[in-house]
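The structure under discussion appears below in the form of structure tokens.
In the text below, chain A, chain B and the rest are named by the order of the sequence lines, each starting its count at 1.
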Amino acid sequence: MLEIYETPLSSRLLLGSARYPSPAVLAAAVRAARTEVVTVSLRRESGAERAGQGFWSLIRELGVRVLPNTAGCHSVKEAVTTAHMAREVFATAWIKLEVIGEDDTLQPDVFGLTEAARILSAEGFQVFPYTTEDLVVAERLLEAGCRVLMPWGAPIGSGRGLNNLFGLRALRAHFPGVPLIIDAGLGLPSHAAQALELGFDAVLINTAVAQARDPVQMAAAFAQAVEAGAAARAAGPIEARDLAVPSTPVIGTAFRG
Amino acid sequence: VNGEFVAVQAREQILLRDGDRVEVLAPMQGG
């Protein structure tokens, strides 16, 4: 069982709650994904509006743990302030920390990310940093107090899968005891299965499910893929080879000695 | 208030004045 910040999780699939065609589809997708953790965010709401409360009621009815994010923040100050607000609104110390550094790729500003992680960890937050596969940045984030890392697979919403297999393998090998959750860029259940097969502990999916033609069916497909990937990892996959190895024994066949 | 976050424990110390801009935060969908 996966354990993050002393919280055991039986599902290795975390689900984002944005971009679904309707609240009903979101709820059905969360159930189909069998996820225990759903990411949420904050927005300004005027006194007359109550849409946010409707969304919050829906999430609470689903009985999932929420992981608030700092999506859209481009500076340490914005991210830290958003985290403070999220802790009050959602009553959790968990925060998915995003400090965006580049708008075309939504690549994290790893310098701001590390600084914000240090501030928030010192304040008692349990930080889930959205980062790259960079080993040095990962080390700095752990030094800052993070006990889980969320490297990107590819740019957010791109659906490209695991862009840098070498880097991600190196990250997994370098930090064998740290929970690593692939966050962003996965488009297909096979991408999720591959991440788990490589030894990553979980994946966070949003757009690939929410924007699928049938989000509920896609959520179920991702759930199956994550379970398959984790089971394959546990079973010990064979090493890939360049040359063939006969699967049928050749000694004693009719035409060879 | 006026763009600054006011934590719950600090609210009693904030005295609103005419012209102050108050915004309320609410949960929303997020990825």
Side-chain angles (χ1 to χ4, degrees), chain A residues 14-20 22-23 26 38-60 66-72 77-78 80-91 96 98 106 130 156-157 183-184 204-211, chain B:
Chain A
L14 290 72
L15 201 62
S17 60
R19 307 187 70 190
Y20 289 83
S22 72
L26 163 63
V38 170
T39 56
V40 294
S41 191
L42 284 173
R43 72 171 177 191
R44 297 189 193 94
E45 189 170 76
S46 73
E49 290 180 84
R50 303 300 289 171
Q53 292 308 315
F55 168 70
W56 186 222
S57 296
L58 175 69
I59 293 297
R60 283 188 295 184
V66 294
L67 175 57
N69 70 24
T70 64
K77 184 175 187 296
E78 287 176 2
V80 169
T81 302
T82 302
H84 289 162
M85 296 187 291
R87 182 162 61 179
E88 290 215 356
V89 170
F90 297 110
K96 182 190 162 194
E98 295 183 29
L106 299 178
Y130 166 61
I156 294 171
D183 174 17
L204 169 54
I205 309 290
N206 192 154
T207 305
V209 169
Q211 295 287 291
Chain B
V1 176
N2 298 322
E4 293 296 321
F5 172 56
V6 181
V8 169
Q9 65 268 24
R11 286 180 191 165
E12 289 186 2
Q13 299 158 23
I14 299 293
L15 188 63
L16 292 177
R17 295 180 173 82
D18 286 347
D20 277 347
R21 183 167 51 89
V22 178
E23 294 171 311
V24 177
L25 292 162
M28 68 172 286
Q29 297 89 338

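Side-chain contact between A/P23 and A/L58 is present, with heavy atoms from C-beta onward closer than 4.5 Å. In this structure the side chain of A/Y20 never reaches within 4.5 angstrom of the side chain of B/Q29, judged on heavy atoms. Counting only heavy atoms from C-beta outward, the side chains of A/Y130 and A/L204 never approach each other to under 4.5 Å.
Heavy atoms closer than 4.5 Å to chain B are found in the side chain of A/V89, but not in its backbone. Only the side chain of A/F90 comes within contact range of chain B, judged by heavy atoms closer than 4.5 Å.
Closest non-hydrogen pair, A/T39 versus A/G16, comes out as OG1-CA, 3.0 Å.
Ranked by heavy-atom pairs under 4.5 Å with chain B, the list A/M85, A/Q53, A/R19 is led by A/M85.
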